[in-house]
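Here is the structure we will look at.
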Number of protein chains: 2
Amino acid sequence: MEYNAKQIQIIEVAERLFAQKGFAGTSVRDIAQAADVNVSMISYYFGSKEKLIEALFQIRMTESRSRLETLITNAELVPMQKINLLIDSVIDRLTGNQCFHNIMMRETLSSERNAAISEHIMNLKMRNIELMQQLIREGQAAGVFRDDIDMSLMTTTLYGTVNYAIASQDFYKKINNLEHMDQAEFLNHLKGKLSQHLKSLFKSTVTNEHHNQN
Amino acid sequence: MEYNAKQIQIIEVAERLFAQKGFAGTSVRDIAQAADVNVSMISYYFGSKEKLIEALFQIRMTESRSRLETLITNAELVPMQKINLLIDSVIDRLTGNQCFHNIMMRETLSSERNAAISEHIMNLKMRNIELMQQLIREGQAAGVFRDDIDMSLMTTTLYGTVNYAIASQDFYKKINNLEHMDQAEFLNHLKGKLSQHLKSLFKSTVTNEHHNQN
DNA sequence: TGCAACGATTCAAACGTTTGTTTGATATAT
DNA sequence: ATATATCAAACAAACGTTTGAATCGTTGCA
């Protein structure tokens with residue numbers, strides 16, 4: 001499915017509004033006005049509001065497909081370097097697509113799920129955890145990673161931390177007295193801090209050195 | 001502000017529905033039907049749908065106030081034990097009030113914020129981070145914690161991990177082949193895993209031993 | 001070049017529902 | 001008898017979607 005310029009314009013505006021106010025909280029008239037098109041264009045191009053958000057997911061999901069996989073699997077790096085690469089990649093991906101990941105988080109929080117969207121999210125998570133699994137196994141085979149790593153909880157910490165940091169960035173700004181920064185400057189700062197934090201967190205937990213039971 | 005039995009019934013039903021479908025996605029008629037009361041009772045008792053969710057926040061926030069503070073500050077425990085107590089307390093609080101924290105997460109993700117609710121959330125986060133700050137300072141004064149701990153990112157990892165784990169519990173269940181468990185059994189399992197995971201994560205990162213720069 | 005014909009696009013208006021809230025009559029309890 | 005609680009019904013506004021006429025850009029033929 002390819003989309004013309006006007007359709008993409010509508011999708012991008014809808015993405016921003018869905019992130020700001022939620023799917024149910026955004027009316028098709030809101031979207032039409034912000035995208036500067038007639039209300040009926042949304043039904044005309046997408047069929048319905050529901051199909052519009054499905055189109056958004058379809059686009060963003062195919063965009064992200066296999067961007068990282070080859071980079072990580074092919075690089076000739078030691079396992080810990082690959083983990084660090086993965087961490088930075090997740091930080092970049094989530095900070096670079098805040099609106100979409102905001103929407104995805106909202107969908108994850110919902111019980112009444114759109115089937116098509118649920119499957120998109122499920123597929124993405126499967127890919128992510130398989131990638132992580134592969135990296136961990138590599139490190140274990142090389143003898144530098146511990147054998148008792150809880151994979152799904154490591155990914156939970158990775159995505160959970162970055163997601164939560166982005167969601168409460170206003171609070172983080174206030175707490176750390178960074179309100180003087182503009183958005184781009186602040187985001188760079190946050191990315192650097194997150195990268196440093198998560199890398200040191202993962203290093204201490206994942207490597208064999210200095211391992212002691214609690 | 002005290003509420004009678006019927007009001008509490010309405011609030012609890014609303015909490016469940018807001019968590020399942022979002023605030024905007026839940027109609028007052030949904031709530032009235034699920035709570036088995038007439039539609040007009042919501043306006044009658046709370047004034048409006050907006051005031052209803054504010055009442056929910058007011059109740060849940062005052063409930064949680066100063067439950068933990070005294071427990072932690074007064075206990076005669078070593079700093080690391082206090083941190084572990086904090087971790088378990090956060091896990092208990094978030095798993096025990098999934099609906100409410102789901103709603104709070106949704107509010108955090110929103111840009112168009114209700115002022116009263118924003119302030120409740122801000123106050124809660126302030127209390128949480130001050131508590132963490134106090135514990136960390138104690139450990140540093142005792143010489144067992146590192147001096148360069150990023151407080152706000154540690155809390156981000158703590159809350160982010162637990163929140164994300166709860167939000168994607170269905171996925172976690174599927175990944176770890178735990179679909180045979182009933183909800184209570186699974187939740188216990190998840191709490192145990194989270195506790196173990198976060199404690200080991202914090203221990204390696206926070207303590208002075210084996211510290212090496214990356 | 002001129003023009004008819006065509007499908008794709010755009011629009012204001014209207015459609016039928018659903019929304020949050022109010023009303024006014026009735027029931028219950030103190 | 002007085003205040004509180006409950007209800008079906010009605011309210012205007014907002015909702016997602018459809019309609020049908022108007023406009024646009026391209027193509028085929030004279």
Side-chain angles (χ1 to χ4, degrees), chain A residues 1-59 103 106-107 110-117, chain B residues 1-59 103 106-107 110-117:
Chain A
M1 192 82 45
E2 66 265 15
Y3 300 97
N4 65 37
K6 201 133 235 170
Q7 286 173 296
I8 290 174
Q9 180 194 353
I10 293 173
I11 288 179
E12 285 176 350
V13 166
E15 181 178 37
R16 202 190 74 232
L17 293 182
F18 288 160
Q20 284 174 358
K21 324 198 285 176
F23 178 74
T26 306
S27 73
V28 292
R29 283 173 177 81
D30 287 339
I31 300 169
Q33 188 177 358
D36 199 34
V37 298
N38 190 275
V39 213
S40 56
M41 298 308 291
I42 283 148
S43 295
Y44 176 71
Y45 274 129
F46 300 98
S48 69
K49 187 188 172 190
E50 198 74 27
K51 295 250 189 71
L52 168 59
I53 195 177
E54 287 177 22
L56 167 63
F57 267 86
Q58 192 253 309
I59 284 189
I103 297 170
R106 285 178 194 268
E107 280 300 314
S110 263
S111 303
E112 48 151 41
R113 295 186 178 99
N114 175 308
I117 292 179
Chain B
M1 192 82 45
E2 65 264 17
Y3 299 96
N4 64 37
K6 200 135 235 169
Q7 287 172 296
I8 290 175
Q9 179 193 355
I10 292 172
I11 288 180
E12 284 176 350
V13 166
E15 181 178 39
R16 202 191 71 231
L17 294 182
F18 288 160
Q20 284 173 359
K21 326 198 284 177
F23 177 74
T26 306
S27 74
V28 292
R29 281 174 178 81
D30 288 339
I31 300 170
Q33 189 177 355
D36 199 34
V37 299
N38 189 275
V39 213
S40 54
M41 298 308 291
I42 284 148
S43 295
Y44 176 72
Y45 275 131
F46 301 97
S48 69
K49 188 188 172 190
E50 197 74 27
K51 296 252 189 71
L52 168 59
I53 196 177
E54 287 176 23
L56 167 62
F57 267 85
Q58 192 253 308
I59 284 189
I103 297 170
R106 285 178 193 268
E107 280 301 314
S110 262
S111 303
E112 48 151 41
R113 294 187 179 98
N114 175 307
I117 291 179

Between CG of A/D36 and C1' of C/dC11 the distance, given in whole Å, is 13 Å
Would you kindly compare B/G25 and B/G47 by the position of their nearest DNA chain C nucleotide and give the one closer to the 5′ end?
B/G25
Heavy-atom check, side chain of A/I103 versus side chain of A/R106, under 4.5 Å
no
Tell me: OH of A/Y44 to P of D/dA22, nearest whole Å?
18 Å
To the nearest angstrom, the CE-P distance between B/M41 and C/dT21 comes to 15 Å
Nearest-angstrom distance from the residue atom CZ of A/F46 to P of D/dT17:
13 Å
Base, sugar-phosphate, or nothing: which does B/S48 touch, judged by heavy atoms less than 4.0 Å apart?
sugar-phosphate
Here the distance between atom P of C/dT9 and atom CD1 of A/I10, to the nearest Å, is 11 Å
Output, in order, the C-alpha distance, side-chain angles, deciding distance and verdict of side chain to side chain contact (heavy atoms under 4.5 Å, CB included) for A/F46 and A/Q7.
CA-CA 8 Å; A/F46 300 98; A/Q7 286 173 296; 3.9 Å; yes
Should we count CG of A/D36 as having more than 12 external heavy atoms under 6.0 Å?
no
Centre of B/F23's six-membered ring, under 6.0 Å away, within 45 degrees of the axis: is that where NZ or CZ of B/K49 sits?
yes
Nearest heavy atom decides the nucleotide; on that basis, is A/N38 or B/V39 closer to the 5' end of DNA chain D?
B/V39
Using whole Å, what does the distance between atom P of nucleotide D/dT18 and atom CZ of A/R29 come to?
13 Å
In whole Å, I'd like the distance from the CG atom of A/L17 to the P atom of D/dG16.
12 Å
Phosphate OP1/OP2 of D/dC15 contacted by A/S27 side-chain N/O (<4.0 Å)
yes
Quick one: is B/K49 getting a side-chain N or O under 4.0 Å of the C/dT19 phosphate, OP1 or OP2?
no
Any side-chain N or O of A/K6 below 4.0 angstrom from OP1/OP2 of C/dA8?
no
Do A/Y3 and A/Q9 meet the criterion of a side-chain donor-acceptor pair at a distance under 3.5 Å?
no
All ring-ring contact (aromatic ring centres under 6.0 Å, His included) counterparts of B/F57, not counting sequence neighbours
B/F100
Rounded to the nearest Å, what distance is computed from the CG atom of residue B/N4 to the P atom of nucleotide D/dA3?
19 Å
Represent DNA chain D in dot-bracket notation, 5' to 3'. Only Watson-Crick or G-U wobble pairs with both distances under 3.5 Å count; pseudoknot-style crossings use [ ] and interstrand partners use |.
.|||||||||||||||||||||||.||||.
Assess whether atom CD of B/Q33 is packed by more than 12 heavy atoms of other residues, nucleotides or ligands within 6.0 Å.
no
